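Below is one structure; the comments refer to it alone.
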Amino acid sequence: MELLSSEDFKNTKIEPEWTAMDYLLEVVRVEQEKMQEQIFMKEKKNGQLKRKRRIQEDSNKNKRPITSYPSKPLLPEGLKRHIVENMGGSNCVLVIQKQLFFSDVNPQASRLLIPFSQVESHEFLNESEVERLKKKEAIKACLVEPSMEETEINFKWWDMRKNSMYVITTSWNSIVKNNRLKVEDVVQLWSFRVNSTLYFALQKL
């Protein structure tokens with residue numbers, strides 16, 4: 001773990017009424033974000049190396065074609081019917097399709113990282129929600145699990161120096177457990193609206 005520097009606190013807004021405890025809590029928060037960034041970058045690098053090695057092995061052995069996904073993934077019909085007919089939802093938008101890393105299923109971390117670099121579209125958020133997230137406010141939303149259970153989550157925005165990402169927290173461990181999510185699983189996160197309220201749906205491929 002690298003030591004913190006003044007650069008790590010460039011986005012911190014110090015309030016005049018802060019106590020010594022407030023300063024300490026801010027240091028802890030920044031340290032956690034920096035640690036998560038380092039974990040993410042390490043796993044991203046490892047994931048790229050594994051994919052490159054796997055592609056090379058497939059090419060050499062000619063055992064099977066390289067897995068590819070549609071350029072424009074479609075919302076599965078079963079999930080679409082549930083959202084539209086059972087929940088009265090609309091405006092379904094694919095947020096991200098990603099392979100899960102250890103940090104995404106690690107019970108000690110208890111969160112799903114959604115890097116901006118992999119987000120299909122940011123248009124699932126309205127202006128008010130974007131402003132709240134930029135102010136480090138969490139948005140409470142409902143997530144439809146692969147099992148079709150509905151779970152309340154917190155949706156956040158993290159800035160990590162060179163990288164920004166959305167993060168799903170609260171109840172994430174139970175979502176992982178209930179749906180038996182594991183490393184290297186590929187999932188899709190969709191957003192939709194029910195009477196203008198933000199909802200999410202997680203699909204396991």
Side-chain angles (χ1 to χ4, degrees), residues 11-13 21-22 24-40 43 79 82-83 86-87 89 91-122 124-160 163-183 185-205:
N11 294 323
T12 297
K13 296 181 180 179
M21 180 59 69
D22 292 321
L24 180 59
L25 290 174
E26 179 64 13
V27 170
V28 172
R29 184 190 69 79
V30 172
E31 182 182 35
Q32 289 179 340
E33 286 191 359
K34 185 172 184 178
M35 189 179 350
Q36 294 293 351
E37 178 186 10
Q38 292 173 346
I39 292 173
F40 167 72
E43 291 181 343
L79 179 58
H82 179 73
I83 291 174
N86 299 340
M87 301 181 67
N91 299 328
C92 297
V93 176
L94 178 64
V95 178
I96 189 173
Q97 176 172 298
K98 67 169 289 186
Q99 185 180 59
L100 298 179
F101 292 112
F102 172 72
S103 61
D104 294 315
V105 296
N106 179 8
Q108 294 184 339
S110 186
R111 82 284 180 279
L112 175 67
L113 296 180
I114 307 169
F116 278 17
S117 60
Q118 297 178 35
V119 170
E120 296 287 339
S121 171
H122 297 269
F124 66 95
L125 295 170
N126 59 38
E127 292 183 6
S128 174
E129 290 163 345
V130 171
E131 288 303 313
R132 288 176 58 191
L133 290 171
K134 285 183 176 180
K135 294 177 182 178
K136 307 304 179 185
E137 295 181 23
I139 295 177
K140 290 188 180 297
C142 180
L143 182 142
V144 179
E145 302 181 24
S147 63
M148 296 300 180
E149 291 186 32
E150 297 180 20
T151 303
E152 186 177 272
I153 61 165
N154 279 334
F155 190 76
K156 302 178 180 180
W157 175 326
W158 284 3
D159 287 315
M160 294 184 172
N163 300 293
S164 294
M165 59 189 68
Y166 300 120
V167 187
I168 288 178
T169 63
T170 307
S171 303
W172 179 247
N173 279 347
S174 66
I175 294 172
V176 170
K177 182 179 179 180
N178 293 343
N179 298 279
R180 299 181 179 179
L181 300 179
K182 59 185 183 301
V183 175
D185 278 349
V186 177
V187 298
Q188 291 177 342
L189 181 70
W190 294 82
S191 75
F192 60 99
R193 298 277 168 172
V194 177
N195 297 326
S196 77
T197 300
L198 180 64
Y199 278 71
F200 292 99
L202 188 70
Q203 177 73 16
K204 181 179 177 182
L205 301 184

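Computed from a prediction, not measured in an experiment: that's the story for all the values here. Along the sequence shown, the residues carry numbers beginning at 1. Atom set for the values below is all heavy atoms of this structure, side chains included, hydrogens, waters and symmetry mates excluded.
- Among all heavy-atom pairs drawn from F192 and C92, the shortest one is CB-SG, 3.9 Å.
- Rounding to the nearest 0.5 angstrom, the gap separating the CG atom in L181 from the CD1 atom in I175 is 8.5 Å.
- For the pair K98 (side chain) and L113 (backbone), a donor-acceptor distance under 3.5 Å is present.
- Using a 4.5 Å heavy-atom cutoff, the side chains of W157 and V130 are in contact.
- The shortest distance between side-chain heavy atoms of L112 and L100 falls below 4.5 Å.
- Between S121 and V93, the shortest heavy-atom distance links the atoms CB-CG1, 4.3 Å.
- Annotation: the span from N126 atom CG to R132 atom CZ amounts to 9.0 Å, rounded to 0.5 Å.
- Within the model, atoms CZ of F155 and CG of L125 stand 5.5 Å from one another, a figure rounded to the nearest 0.5 Å.
- Around atom NZ of K204, more than 12 heavy atoms belonging to other residues, nucleotides or ligands sit under 6.0 Å away.
- To the nearest 0.5 Å, the span separating CG on N106 from CZ on R111 amounts to 7.5 Å.
- Among all heavy-atom pairs drawn from G89 and V194, the shortest one is CA-CG2, 3.9 Å.
- Side-chain contact between M165 and I114 is absent, with no heavy atoms from C-beta onward closer than 4.5 Å.
- Separation of atoms CG (L189) and CD (Q118) is listed at 12.5 Å; rounding is to 0.5 Å.
- By the ring pair (Phe, Tyr, Trp, His ring centres under 6.0 Å) test, H122 pairs with F116, Y166, sequence neighbours left out.
- Here the closest heavy-atom approach between residue I83 and residue A201 is recorded as CD1-CB, 4.2 Å.
- Between K136 and D159, at least one side-chain N (NZ, or NE/NH1/NH2) sits under 4.0 Å from a carboxylate O, which counts as a salt bridge.
- Each side-chain hydrogen bond (donor to acceptor under 3.5 Å, both in side chains) pair with one or both residues in residues 188-202, not counting sequence neighbours, appears once here: Q97-Q188, E129-R193, Q188-W190.
- For the pair A109 and S103, the tightest heavy-atom approach, listed with the atom from each and the gap, is CB-O, 3.8 Å.
- Distance alone, capped at 3.5 Å, places no donor-acceptor pair between the N154 side chain and the T169 backbone.
- Residues N178 and T151 have side chains not in contact (no heavy-atom distance under 4.5 Å, counting atoms from C-beta outward).
- Atom CD of Q203 is separated from atom CG of L79 by 5.5 Å, given to the nearest 0.5 angstrom.
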